[in-house]
Amino acid sequence: MKNRLGQWFEGQRYKAVHWFWGFVVVLAVLLMANMFLLPHHPHFAAEHWPGFWALFGFVGAVVLAFVLKKIVAPMLAMEEDCYDRD
Amino acid sequence: MTATNSLLAHPALYFLGASLLVPLVPTRLLKWLLPVPALLAIVSVLTMDAGASGFADYIGMDLTFFRVDALSTIFANVFAVQGLISLIFAMHLKDKGQHMASLAYVGGGFGCVFAGDYLTLFIFWEVMSVASTMLVWSNRSTRSVKAGFRYFLFHTLGGLFLLGGILLRYADLGTMSFVPVDPSGAMYYDWLILLGFCVNAAVVPLHAWLPDAYPEATVTGAVFMSAYTTKTAVYVLARAFAGFEILAVAGVIMCLYGVFYATMENNARRILGYHIVSQVGYMVAGVGIGTAMTLNGACAHAYAHILYKGLLFMSVGCLLHAAGTAKLTELGGLVGRLPWVFILYAVAGVSISGMPFFNGFVSKTMTIAGAAEAHRTWLALGMELAAVGTFLSVGLKLPYFAFFAKKEDPARELKPIPTNMYVAMGIGAALCLITGLFPSLLYAQLPFREGVTAYSPFVAHVAEVLEHPYVPYTAWHLLQAFLILGFTGLGFVAMRKILVPHAQRNVDFEYLYILGGRLFLALFSRPFAAVDTIWSGVYRTLGLRGLMGSAWISSIFDRKGIDTVVDGTATSVRSLGKGATIIQTGKLQAYASAAILAGLGVYALVWLLSS
């Protein structure tokens, strides 16, 4: 009885590949839907291209992660306890 | 409009009164009595009617303690609900000082929200500032003492901007009334007041106090602080400064800036702190764009944000409470051992990210759609990019690296999490889901709706909002949200090796505050010390000799004349000195609370004498 939920979560670690491909299928379905379903009143032209928001999300996440972790973070790095010393 | 609300229905009264009563209540009972002020506040907020009451005349100024309208009610409503959740979360604590501070802090928030004039607002504003500093100091570590000092100094600075603006405005207009400002006719004092508000709203670059101090507050203190300071500031900005273009731009900058730092940060509570900056950015932008739709969006987002941000701080607080650290580099695979904390965190994480069926979706999309409909396409796109970054850092990075990334070390000792903490998180999660599934519950409280007079004449497109209210659940909105979030998720999977957190602190504007402080100190320690040295020399050679001479004369006079007359004086002076040393503890927290109490005392005395 004890912590069956925790064990279930732990078990999912070994099924990460299944989860990933399931996720990809969901994304493909969403993209397909975007072919037919578009906004009635687009706020700007690009919103009318199928897949625009998918591209926005993916490119946004990749660029944010790369620029911030690889370029900006090394420039701003200080020791974690820098304000705790006298 | 005068209402029938008695001052006894004022929620600030319950919380401030409870704060004063805490020392008198036995610890065993305190636990169960703690949620009472919040329950009373919820009843009061649900039953109060619109209009102003609680008037007073204070040395010629008209004060209004209790102004109730649609704008103040929506904030008071969520303040009361979150007050209940946070108090339940803190029930297990035995530290009475901390309970006093958090109750006074919430009371201050209610006082600000219902204040109809600037003087009342300022007093409660400062109560909040002092009480929240106590919540940082209550952590009782060198680290929190230092962060608390920086926090307190910066809020004092913001409070002085506000006070300066209020007094200059009074000198010019002869009124203290707290009413909307015409964006095209703002005077210098309005800008000073705006600056004071912006400090508390954590507008970049005045924001660094927030991610600096919040991670150092106590586990429960941070839950309180996440709700009230910044959202009170959003309320006062919405009240007075709707339609100020500078806020529209500053808000979007906040959205992005907070997300940028959160993506790099390692400390989970600091990530959440940067996300307060980011989420409050949506509200500030909504206020700045200044249409009825964006203001409704800002208020709805404040409501949703308080609920999910409280839940985020509660669940990360559980990690800190159990594992003793909130640094992602030191956490790793906790999902197996704390599965419920993970689930509750995930509810808050998808809420803040604007996942459909959770409350962030019904409020964030309203603000963004409002910006787009006001033809502010670039601002709307900036907010969408911030939404991508939010899901990336709070929705995915934080839980992945805290719960899943590594194998958990089974030898790690976890402190048990008290039941009341789980109960509070459960209520928070339920409310995130309920307001997301039934947005009409939230929309029925918005400040611009059918049957409510607009509180400000400077808000545009009120009629349009009444005619075409925003509908969140359309097929396109759902698809758009899932596309953005889904492909952000794909981006995370691709970049998860790069996103691995590093044990580092990223320098932010707090470094400038510290540099400023050092400069100030140097200015005083070098030139002033030099002057002081010279002066001491002059005093030693001239003053001391003169003093000795006069002392010799007066001692003769004293022995021959006075001693025989008043014998008891010396004793009483000595005991007075002893009393003074007891009061002078050298503890800043004692001085700060004493100053507030003395201030309130003087204020009450003047009022009594003048009426």
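In what follows, chains are A, B, ... by sequence order, proteins preceding strands, each numbered from 1. For clarity, every value in this text was computed on a predicted model and none was experimentally measured.
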Contact leader toward chain B among [options], where contacts are heavy-atom pairs under 4.5 Å:
| options | answer |
| --- | --- |
| A:Gly51, A:Pro39, A:Gly60, A:Ala61 | A:Pro39 |
| A:Val26, A:Val63, A:Leu37 | A:Leu37 |
| A:Leu31, A:Leu55, A:Val59 | A:Leu31 |
| A:Lys70, A:Glu10, A:Arg13, A:Gln12 | A:Arg13 |
| A:Gly11, A:Gly57, A:Ala33 | A:Gly57 |

Any side-chain heavy atom of [X] sitting closer than 4.5 Å to one from [Y]?
| X | Y | result |
| --- | --- | --- |
| B:Val145 | B:Trp137 | yes |
| B:Tyr261 | B:Glu265 | no |
| B:Phe342 | B:Pro399 | yes |
| B:Lys364 | B:Met383 | no |
| B:Leu479 | A:Phe36 | no |

With a 4.5 angstrom heavy-atom cut-off, which part of [X] approaches chain A: side chain, backbone, both or neither?
| X | answer |
| --- | --- |
| B:Met264 | both |
| B:Val493 | side chain |
| B:His477 | neither |
| B:Val500 | backbone |
| B:Phe403 | backbone |
| B:Leu338 | neither |
| B:Leu490 | both |
| B:Thr263 | both |
| B:Arg143 | both |
| B:Leu334 | neither |
| B:Lys397 | neither |

ask   = What option among B:Phe260, B:Phe482, B:Trp340 has the most heavy-atom pairs under 4.5 Å with chain A?
value =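 Of B:Phe260, B:Phe482, B:Trp340, B:Phe260 has the most heavy-atom pairs under 4.5 Å with chain A.
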
key: Contact leader toward chain A among B:Ala494, B:Gly491, B:Ala387, where contacts are heavy-atom pairs under 4.5 Å   =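 Looking at each option in turn, the highest pair count goes to B:Gly491.
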
query = A:Phe66 versus chain B, heavy atoms under 4.5 Å apart: side chain, backbone, both or neither?
reply =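 For A:Phe66, heavy atoms of backbone and side chain both lie under 4.5 Å from chain B.
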
ask   = Which atoms of A:Val72 come close to chain B, meaning under 4.5 Å heavy atom to heavy atom: side chain ones, backbone ones, both, or neither?
value =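 It is both, since atoms from each part get that close.
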
request  = Walk me through it: do B:Asp212 and B:Arg505 pass the test salt bridge (charged side-chain N to carboxylate O under 4.0 Å, His left out)?
outcome  = CA-CA 10 Å; B:Asp212 186 35; B:Arg505 174 127 182 195; 2.8 Å; yes

[Y] and [X] aromatic ring geometry - parallel, tilted or perpendicular at 30°/60° bounds:
| X | Y | answer |
| --- | --- | --- |
| B:Tyr257 | B:Phe509 | tilted |
| B:Phe361 | B:Tyr473 | tilted |
| A:Trp53 | A:Phe56 | perpendicular |

inquiry  = Whether the side chain of B:Glu408 engages the backbone of B:Pro410 through a donor-acceptor N/O pair (distance < 3.5 Å, no angle test) should be reported.
reply    =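 Side chain of B:Glu408 to backbone of B:Pro410, a donor-acceptor pair under 3.5 Å: no, none is there.
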
task = Establish, yes or no, whether a centroid distance under 6.0 Å links the rings of B:Phe492 and B:Phe391.
result =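 When the ring centroids of B:Phe492 and B:Phe391 are compared, they turn out to be at least 6.0 Å apart.
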
inquiry  = Tell me which one of B:Lys146, B:Arg150, B:Arg270 satisfies salt bridge (Lys or Arg N to Asp or Glu O under 4.0 Å) with B:Glu216.
reply    =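 By the salt bridge (Lys or Arg N to Asp or Glu O under 4.0 Å) criterion, B:Glu216 pairs with just one of B:Lys146, B:Arg150, B:Arg270: B:Arg270.
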
